[in-house]
There are 4 protein chains.
Amino acid sequence: MEGDTGRAAHRGNRHRRSEEARQAVLHATDDLLAERGFAGLTIEGIAARAGVAKQTIYRWWPSKTEILMDAFTDDAVQHLTPPDSGDLGEDLRIHLRNLAEFLTTSDAGTVFRALAGQAQHDPEVATRLRTDHLGKQRERDRLPLQRALDRGELPPETDIDFLVDQLVGPIHYRALVTGEPVPKEFTDRLVAHVLR
Amino acid sequence: MEGDTGRAAHRGNRHRRSEEARQAVLHATDDLLAERGFAGLTIEGIAARAGVAKQTIYRWWPSKTEILMDAFTDDAVQHLTPPDSGDLGEDLRIHLRNLAEFLTTSDAGTVFRALAGQAQHDPEVATRLRTDHLGKQRERDRLPLQRALDRGELPPETDIDFLVDQLVGPIHYRALVTGEPVPKEFTDRLVAHVLR
Amino acid sequence: MEGDTGRAAHRGNRHRRSEEARQAVLHATDDLLAERGFAGLTIEGIAARAGVAKQTIYRWWPSKTEILMDAFTDDAVQHLTPPDSGDLGEDLRIHLRNLAEFLTTSDAGTVFRALAGQAQHDPEVATRLRTDHLGKQRERDRLPLQRALDRGELPPETDIDFLVDQLVGPIHYRALVTGEPVPKEFTDRLVAHVLR
Amino acid sequence: MEGDTGRAAHRGNRHRRSEEARQAVLHATDDLLAERGFAGLTIEGIAARAGVAKQTIYRWWPSKTEILMDAFTDDAVQHLTPPDSGDLGEDLRIHLRNLAEFLTTSDAGTVFRALAGQAQHDPEVATRLRTDHLGKQRERDRLPLQRALDRGELPPETDIDFLVDQLVGPIHYRALVTGEPVPKEFTDRLVAHVLR
DNA sequence: AAGTAATCGAGACGGTACGTCAAGTCTTCCT
DNA sequence: AGGAAGACTTGACGTACCGTCTCGATTACTT
């Protein structure tokens, strides 16, 4: 069985996709987003910068935002895994600090903000973003609380999702809506208030 | 009779701006945003729908988002003035409920989400949105807490802005980022947690 | 009636077509055809050379060959009106000589050969070419013979169209098919043979 | 069945060209020219229709028109060898009739017209067409007249090439330029006029 | 019998031009 | 002077083919 499917998979794909072109596109996208912003990000610009044909981009990515999704996944993502120190407060303070830095200062955060912005205009982007990124990130955000719950540090009836909303909501609000900075004092205070 | 012809006379109005054209543009913008989304919102489309020349739009609005800002201000906004019942909890519960409904179900909320999305791509839009809308809204959001503080219902060292971030942050987070619904239970619970 | 149609004609055409752009396109087309041949004649190239936007070309001409038809009509055409000396042989010798030079050496002849070539590939071009040019040219080709017939120089049962085919057919054959030169001896001899 | 697989064995033929692929390309070219016209004739289309790789086409034919030249030579051509009845008038009438039918109604004639059209745009095609086809055809066209000259049926000073131009010129003119039909009466009359 | 070499199908690649859409500027005519 | 109409330049869109290339498979000629 494996033999057959193995051969069939090769039947129409003799030399496969150029990883070189893929990387060039993703890097060019990152660079142009940083240099010119989302409005100045065009397929033609990416192609020119990457030294790649437009058709190669259209062959592998259905839209500009899908390139960003790819660049986002490739670039960053797992920066946002919370630590496991055994101390809930400590874990949350570090995790929220990382989240705040990711959202407000990192390159990957710039890509995320662009995607979140585009999600307001295009339901498909919203769905992709939620399916591919936010779901997993919610799992990671829950981890310290879940572990504390398992350790008996939190009352058994604790609604972890509600706590996560309370913790990450204000940070996203500042990063995406008001544009205010998100300093350590802010994130630490959030942890303090939420844990009583 | 003078009234009617008086309004009609404004159509070919010279020397001062045609209010008729202004309204037609704003309504056409609202309609097209609802029908086709932000991506399908073009100056040409608005002009055609409004029965107005493109030049008329460019004469009075510097950009597409400024039209949206205008439509937004015209349309709604003041839905979000909190009540003053004398009971802080009651005021906040009602206010947050209104905010949630505004963000997730109202037409004006759709415009706001589009503007917030565009603000991720264009710093100028971000600035305009914060200056013209968010600053005033923050004032309104602070009102119940400020009044409670003045009444001595809250400790004098209370950081009202921090409380506001904790209250409205998670609501914006759901509305703009995760796309989850924001039911009454959620907003009520936020109030309960924030007031101890 | 004239008043109404006159006003209606202006209703949707307040500043009308730019004659400057039209001329620039036609000249650029001529130049590029001469420099690069039909294969190297692109809409983008014409636009660039003419200093005109592609959209302006698409607004006024449905296809590349229509530009050529325009350039052709503008450029030349009436070079091919036969003289009227009162002597049939003389008139025909001069006319065929002009025709041969038009087809083999003139710029307009280059355009005509390109159009005739394209007519082999595209029935619509063939129809346009025949309707707009060849019909009128046939009339001009018939003139000397018709006048001779009217003067009684030719038998009344003469089939003028057949004589025209015999006179211009071999010239087109050489110009378009074999590519041989068409010297004066050849055209004079054709006249001699056809007139007995 | 073995016969079939025997032919199929050529499919993966190494060391010599696959006749199967060659035929498939030529037939696909004919079909597509008939179905879609010259404008719709693409290498990709031919390859797809023939079930052949593009590379196989580029390996064996330098250009699209060379495929047409091949298809042309393969298909027809020798339809245009004049008869030798011993009667010049009879030979010419039959030959011109065949020529007229070839040009206006046969499949090979369609290919020829396409090539003649392309020859107007591309000097290389013109050269190839004249070298490979028109030269030989001129020889065939001369045959009846040369034989009549040898038989003493024509004056010794007869310019055979000029007679050929007078005979075939008008037919090509109608077929390629005016698009008029070329009936038997027309070709017979040409013979009558040229032989005095 | 195993290797070598030519050719096949498939299809990805960098390009060029296509024809379309919308942007923002402009000019003209009308009121 | 404002407004409707719409032509203008510009630039990006997404598509179609171009001609080149590499891949893995197939089979005829070596040796």
Side-chain angles (χ1 to χ4, degrees), chain A residues 7 10-18 20-21 40-48 50-60 62-64, chain B residues 9-18 20-21 40-48 50-60 62-64, chain C residues 7 10-18 20-21 40-48 51-60 62-64, chain D residues 8-18 20-21 40-48 50-60 62-64:
Chain A
R7 289 173 74 197
H10 278 265
R11 197 82 45 85
N13 185 20
R14 301 288 160 79
H15 52 302
R16 78 279 267 143
R17 177 173 188 178
S18 156
E20 200 177 355
L41 190 65
T42 66
I43 300 277
E44 300 224 316
I46 295 169
V52 138
K54 259 199 307 179
Q55 187 55 50
T56 297
I57 296 182
Y58 284 108
R59 181 155 31 233
W60 300 111
S63 72
K64 207 161 64 179
Chain B
H10 275 264
R11 187 131 48 98
N13 192 2
R14 303 308 110 81
H15 272 150
R16 76 180 165 292
R17 178 174 188 178
S18 158
E20 196 177 358
L41 191 64
T42 67
I43 300 277
E44 302 224 314
I46 293 168
V52 138
K54 269 201 301 178
Q55 186 56 42
T56 300
I57 297 181
Y58 284 108
R59 195 171 355 251
W60 301 110
S63 72
K64 205 162 64 181
Chain C
R7 290 173 73 197
H10 277 265
R11 197 82 44 87
N13 185 21
R14 301 286 161 80
H15 53 303
R16 80 278 269 142
R17 176 175 187 178
S18 158
E20 198 176 356
L41 190 66
T42 65
I43 301 276
E44 300 222 315
I46 295 169
V52 138
K54 258 199 310 179
Q55 185 56 49
T56 298
I57 297 182
Y58 284 109
R59 181 157 28 235
W60 300 112
S63 72
K64 208 163 61 179
Chain D
H10 276 264
R11 190 127 51 94
N13 192 3
R14 302 310 110 85
H15 273 149
R16 78 179 164 292
R17 179 175 187 178
S18 157
E20 198 177 358
L41 191 65
T42 66
I43 300 277
E44 300 224 315
I46 294 169
V52 138
K54 271 202 298 179
Q55 186 56 42
T56 300
I57 297 182
Y58 284 108
R59 199 179 347 254
W60 301 111
S63 72
K64 205 164 63 180

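No hydrogens, no waters, no symmetry mates; every other heavy atom, side chains included, goes into these values. Not measured: the values here are computed from a predicted model. In what follows, chains are A, B, ... by sequence order, proteins preceding strands, each numbered from 1.
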Looking across every strand, which nucleic acid part, if any, lies under 4.0 Å from C:Gly51 by heavy atom: base, sugar-phosphate, or nothing?
-> sugar-phosphate

Heavy atoms under 4.0 Å, any strand shown: does B:Thr56 hit a base, just sugar-phosphate, or nothing?
-> sugar-phosphate

Counting only distance, no hydrogens or angles, is the base of E:dG15 paired donor-acceptor with the side chain of A:Lys54 under 3.5 Å?
-> no

Check: F:dG3 base within 3.5 Å donor-acceptor of B:Arg59 side chain | yes

For atom [atom1] of [X] and atom [atom2] of [N], their distance in whole Å:
| X | N | atom1 | atom2 | value |
| --- | --- | --- | --- | --- |
| C:Ile43 | E:dT16 | CD1 | C1' | 14 Å |
| D:Ile46 | F:dG19 | CD1 | C1' | 14 Å |
| B:Ile57 | F:dG6 | CD1 | P | 15 Å |
| C:Trp60 | F:dG6 | CH2 | C1' | 9 Å |
| C:Glu20 | E:dC26 | CD | C1' | 13 Å |

Could you pick out which residue, C:Gln55 or C:Gly45, lies toward the 5' side of DNA chain E when each is mapped onto its nearest nucleotide?
-> C:Gly45

Closer to the 5' end of DNA chain E via nearest nucleotide, is it A:Val52 or B:Leu41?
-> A:Val52

Looking at NZ of C:Lys54 and OG1 of C:Thr42, how far apart are the two atoms once the value is rounded to the nearest 0.5 Å?
-> 9.0 Å

What is the minimum heavy-atom distance between A:Ile43 and A:Ile57, and which atoms define it?
-> O-CD1, 3.9 Å

Exercise: identify the closest heavy-atom pair between B:Ala47 and B:Ala53 | CB-C, 4.3 Å

Between D:Tyr58 and B:Glu44, which has a closest nucleotide on DNA chain F that is more 5'?
-> B:Glu44

DNA chain F: A:Thr42 or D:Pro62, which has the more 5' nearest nucleotide?
-> A:Thr42

Candidates E:dC8, E:dG9, E:dT28 - which lies nearest the side chain of C:Arg16 = E:dT28

